[in-house]
**Student:** 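Structure provided below as structure tokens; questions to follow.
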Amino acid sequence: MSNIRHALTVKRADDFAAWYQEVISAADMAEESGVRGCMVIKPWGYGIWERVQYLLDQRIKDTGHDNCYFPIFIPLSNFEREAEHVEGFAKEMAVVTHHRLITNGKGRLVPDPEAKLEEPLVVRPTSETIIGDAMARWIQSWRDLPLKMNQWANVVRWEMRTRMFLRTSEFLWQEGHTAHDGEAEAKEHTLRMLEVYRSCAEEDLAMPVIAGEKPENERFPGAVETWSIEAMMQDGKALQAGTSHYLGTNFSEAAGIKFQNKDGDQELCHTTSWGVSTRMIGGVIMTHGDDDGLRVPPTIAPWQVVILPMLRGKDEDADAAIVDYCDSLKDLLEGAITCGEKVRAMVDKSHGKAAAKRWNWVRKGAPIVVEVGSRDMDNGVVSLLRRDALWAESGKPDFHAPSKADAAEQIPAILEEIQTKLFTEARDRRDANITRDIATMDQLTEFYNDNAQYPGWVEVQWSKPTGPALEQVVEQLKALKLTIRNVPMNAEPNDSPCIFTGEVAVERIYVARAY
RNA sequence: CGGGACGUGGCGCAGUCCGGUAGCGCACUACACUGGGGGUGUAGGGGUCGGAGGUUCGAAUCCUCUCGUCCCGACCA
């Protein structure tokens, strides 16, 4: 029905996984590195990450945390202290055993047997243990609490199967670590940071999420409670986009994080940790991308407005005049505020044909592209293209031609409109793909068999089984490739019985296929 | 880590079965035409065929090993 010539070759509906990869390469976000499971993040992808970093960093600082940096290497013995934690991570660790290389006589470099480390170092998969060590040194009295820290770092988890941004062996993240006087305060803080993640995801990334508690079997190794924000991707799968853990006294016991309370007694701290990673970028792609590439929400777009001078290369003076005209629009825009910040506008003066450059920016998902040719300039207008409303009825790019002054005035509001629109579109799509009228395992099985391609999520009632009973539920779900995502906050069960056990339900849970 | 597919100029591919010294499309460079929209033509540049070893007079092609990618499982953020 459509004669649109899309900017990508693969459509979401035809092959979502292939589409995802095409977006990443077509938008020039990242590429394979030749190192197993590791990627090169290119300027456009990293620029988006820097925006996320900047905005989340503000939110983390606003909630009273200081940034710091701990070593990438953790002594093995240090890592061994918390039993569940070790068990959880042991099978995916990179280990450093030598500190020198020598040539083996065949022109190859090999680790020098003479330079073997007395104690191997593990490359951090997360930093609870080494930060716990520091907390134990730094905390003496109740006056030292709460201790609230954050670090931006890379971590390594030796993954069997990797996907760009979603699961890479090395990834970038922030990890927050706090120590508190008592369970209540620590739990409250766990939820406060979950709320920080929710607001960052929804307000900054325009990615709707459901915040809730993970079931027992999905807990972080060593945690007492694990909470998450879960986002629905356009193929109906769930993406865990951030986690916040209440660690109880597990790590305090292991590392000796103690304080003297007001009564003079020694007490263990209750700790928390929480993180979001470059996986968020994968979430943005699969939430907002379309058949023309990425669509970056204006708040996290490195450039919100890309101005393309259409140069002929024939008449230097004429071309220079067009560039000046573009620069003057950029100057006007930079004096304006959108989404609480100065508008980020750039004039793309790179070589290359203007039309090709336009499609590159469409694929990258710049929210607004403004083209300026000699006729625009003569008429005092610009040609404005919105990434969220790319195509006109005719099947051609839907250019608008406001005057330069009008464009400068309207663009800040348009950007805010795009931000809101991307969010509401994603939220409506998610809500439309949550099914709530499934009461039995048979119905659940039927539902996922009938909707193999875009099944979405199912909300069911459950009795919150634990231990072996929960294992059974997990196995049942696994047969359908399903997982329990989380237990949404403030959601009372209705009066249906538990879908798994038939007992009285105590909670609602989301069940979905997941990344 | 199991099962499958694959790796050939920047990208997408043909050639591999049946060994004879590498080709197509897009992109790129130059020139010309064109000029409000992903343009056309002509002429060019670029690859020791993922890597190592082997068989052979000769290997992209056959054999062995290895690295990497994708899909499906298991595992996990």
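Per chain, numbering begins at 1; letters A, B, ... match sequence-line order.
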**Student:** For B:G36, does the base pair up with any side-chain atom of A:Ser383 as donor and acceptor (N or O, under 3.5 Å, distance only)?
**Tutor:**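 In this structure, the two groups form a donor-acceptor pair.
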**Student:** Could you tell me how far B:G44 sits from B:G7 if I compare only their P atoms? Round to whole Å.
**Tutor:** 31 Å
**Student:** Pick base, sugar-phosphate or nothing for A:Trp361, based on heavy-atom distances below 4.0 Å to the nucleic acid.
**Tutor:**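 Since no nucleic acid heavy atom lies under 4.0 Å of A:Trp361, the category is nothing.
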**Student:** Considering heavy-atom distances to RNA chain B, does A:Lys353 or A:Tyr515 have its closest nucleotide positioned more toward the 5' end?
**Tutor:** A:Lys353
**Student:** By the definition side-chain contact (heavy atoms from CB on, under 4.5 Å), identify the one residue from A:Glu84, A:Lys214, A:Glu128 that meets it with A:Phe220.
**Tutor:** A:Glu128
**Student:** Please report the distance separating the C1' of B:C62 from the corresponding atom of B:G4, rounded so that it comes out in whole Å.
**Tutor:**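 Per the computed distance, 23 Å lies between those C1' atoms.
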**Student:** Pick the closest RNA chain B nucleotide for A:Asn217 and for A:Gly37 by heavy atoms, then say which residue is nearer the 5' end.
**Tutor:**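 Per heavy-atom nearest nucleotide, the more 5' residue is A:Gly37.
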**Student:** Between B:C17 and B:C11, how far apart are the two P atoms, rounded to whole Å?
**Tutor:**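 Going atom to atom, P in each nucleotide, I get 26 Å.
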**Student:** Would you call the rings of A:Trp274 and A:His65 parallel, tilted or perpendicular, where under 30° means parallel and over 60° means perpendicular?
**Tutor:**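 Aromatic pair A:Trp274/A:His65 classed perpendicular.
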**Student:** Polar pairs (N or O, both sides) under 3.5 Å between protein and nucleotides 70-74 of chain B?
**Tutor:**
| from | atom 1 | to | atom 2 | distance (Å) |
| --- | --- | --- | --- | --- |
| B:C70 | O3' | A:Gln21 | OE1 | 3.3 |
| B:C72 | OP2 | A:Arg161 | NH2 | 2.4 |
| B:G73 | OP1 | A:Lys481 | NZ | 2.4 |

**Student:** So which nucleotide from B:G37, B:A77, B:G38 ends up closest to the side chain of A:Asp376?
**Tutor:** B:G37
**Student:** If B:C28 has a Watson-Crick or G-U wobble mate with both distances under 3.5 Å, name it; if not, just say none.
**Tutor:** B:G44
**Student:** Does a salt bridge link A:Asp291 with A:Arg12, judged by any charged N lying under 4.0 Å from a carboxylate O?
**Tutor:**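 Here A:Asp291 pairs with A:Arg12 in a salt bridge, since their nearest N and O are under 4.0 Å apart.
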**Student:** Taking the six-membered ring of A:Tyr325 (Phe, Tyr or Trp), confirm whether the NZ or CZ of A:Lys404 is under 6.0 Å from its centre and within 45° of its axis.
**Tutor:** yes
**Student:** Of all the choices, B:C76, B:G36, B:C75, which nucleotide is nearest to the side chain of A:Arg375 once you look at every atom?
**Tutor:**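 Nearest to the side-chain atoms of A:Arg375, counting from C-beta on, is B:G36.
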**Student:** For nucleotides B:U42 and B:A5, find the distance between their C1' atoms and express it as a whole number of Å.
**Tutor:**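 Roughly 41 Å separates the two C1' atoms.
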**Student:** Given the C1' atoms of B:C18 and B:A30, what is the spacing between them in whole Å?
**Tutor:**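 The answer is 43 Å between these two C1' atoms.
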**Student:** Does anything in residues 149-157 of chain A come within less than 4.0 Å of RNA chain B? Heavy atoms only, and list the residues if so.
**Tutor:**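 Here the set is A:Arg157.
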**Student:** Categorize A:Thr483 for me: base, sugar-phosphate, or nothing, with a 4.0 angstrom heavy-atom threshold over every strand shown.
**Tutor:** nothing
**Student:** Flag the pair A:Arg513 and A:Asp235 as a salt bridge only when some basic side-chain nitrogen lies within less than 4.0 angstrom of an acidic carboxylate oxygen.
**Tutor:**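 No, this pair does not count.
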**Student:** Please encode protein proximity along nucleotides 24-31 of chain B as a string of B, S and -, counting only heavy-atom distances under 4.0 Å.
**Tutor:** --------
**Student:** Which one is paired to B:G23, where only Watson-Crick or G-U wobble pairs with both distances under 3.5 angstrom count?
**Tutor:** B:C13
**Student:** Would A:Lys237 and A:Glu230 pass as an ion pair if we require N to O under 4.0 Å?
**Tutor:** no
**Student:** Work out how far the C1' atom of B:G12 is from that of B:C70, and round it to whole angstrom.
**Tutor:**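 Approximately 15 Å lies between the C1' atom of B:G12 and that of B:C70.
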**Student:** Which one is paired to B:U69, where only Watson-Crick or G-U wobble pairs with both distances under 3.5 angstrom count?
**Tutor:**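 In the structure as shown, B:U69 has B:A5 as its Watson-Crick or wobble partner.
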**Student:** Taking atom C1' in both B:C24 and B:A74, compute the distance separating them and give it to the nearest angstrom.
**Tutor:**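 My reading of the C1' atoms in B:C24 and B:A74 gives 42 Å.
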**Student:** Would you mind checking if A:Glu195 and A:Arg192 are paired as a salt bridge, meaning a charged N to carboxylate O distance below 4.0 Å?
**Tutor:** no
**Student:** At 4.0 Å (heavy atoms only), tell me whether A:Ser228 reaches a base, stays on the sugar-phosphate, or touches nothing.
**Tutor:** nothing
**Student:** Counting the benzene-type ring for Trp, do A:Phe171 and A:Trp173 have ring centres under 6.0 Å apart?
**Tutor:** yes
**Student:** Between A:Asp319 and A:Lys349 (salt bridge meaning N to carboxylate O under 4.0 Å), is one present in this structure?
**Tutor:** no
**Student:** Does this structure show an ion pair linking A:Arg59 with A:Asp204, if we count only N-O contacts that are shorter than 4.0 Å?
**Tutor:**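 A salt bridge is present here (some side-chain N lies under 4.0 Å from a carboxylate O).
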**Student:** How far does the C1' atom of B:G41 sit from the matching atom of B:A60, given to the nearest Å?
**Tutor:** 34 Å
**Student:** Examine B:A77: is either OP1 or OP2 under 4.0 Å from a nitrogen or oxygen in the side chain of A:Arg279? Give yes or no.
**Tutor:** no
**Student:** Whether A:Lys364 engages the ring of A:Trp361 as a cation-pi pair (distance to the six-membered ring centre under 6.0 angstrom, angle to the ring normal within 45°) should be assessed.
**Tutor:** yes
**Student:** Please name the residue in the list A:Leu333, A:Val306, A:Leu385, A:Ile418 that meets the side-chain contact (heavy atoms from CB on, under 4.5 Å) test with A:Ile368.
**Tutor:**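 Result for side-chain contact (heavy atoms from CB on, under 4.5 Å) with A:Ile368: A:Ile418.
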**Student:** Let me confirm one number: the CE-CD distance from A:Met441 to A:Glu446, rounded to the nearest 0.5 Å.
**Tutor:**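 If I round to the nearest 0.5 Å, the distance is 12.5 Å.
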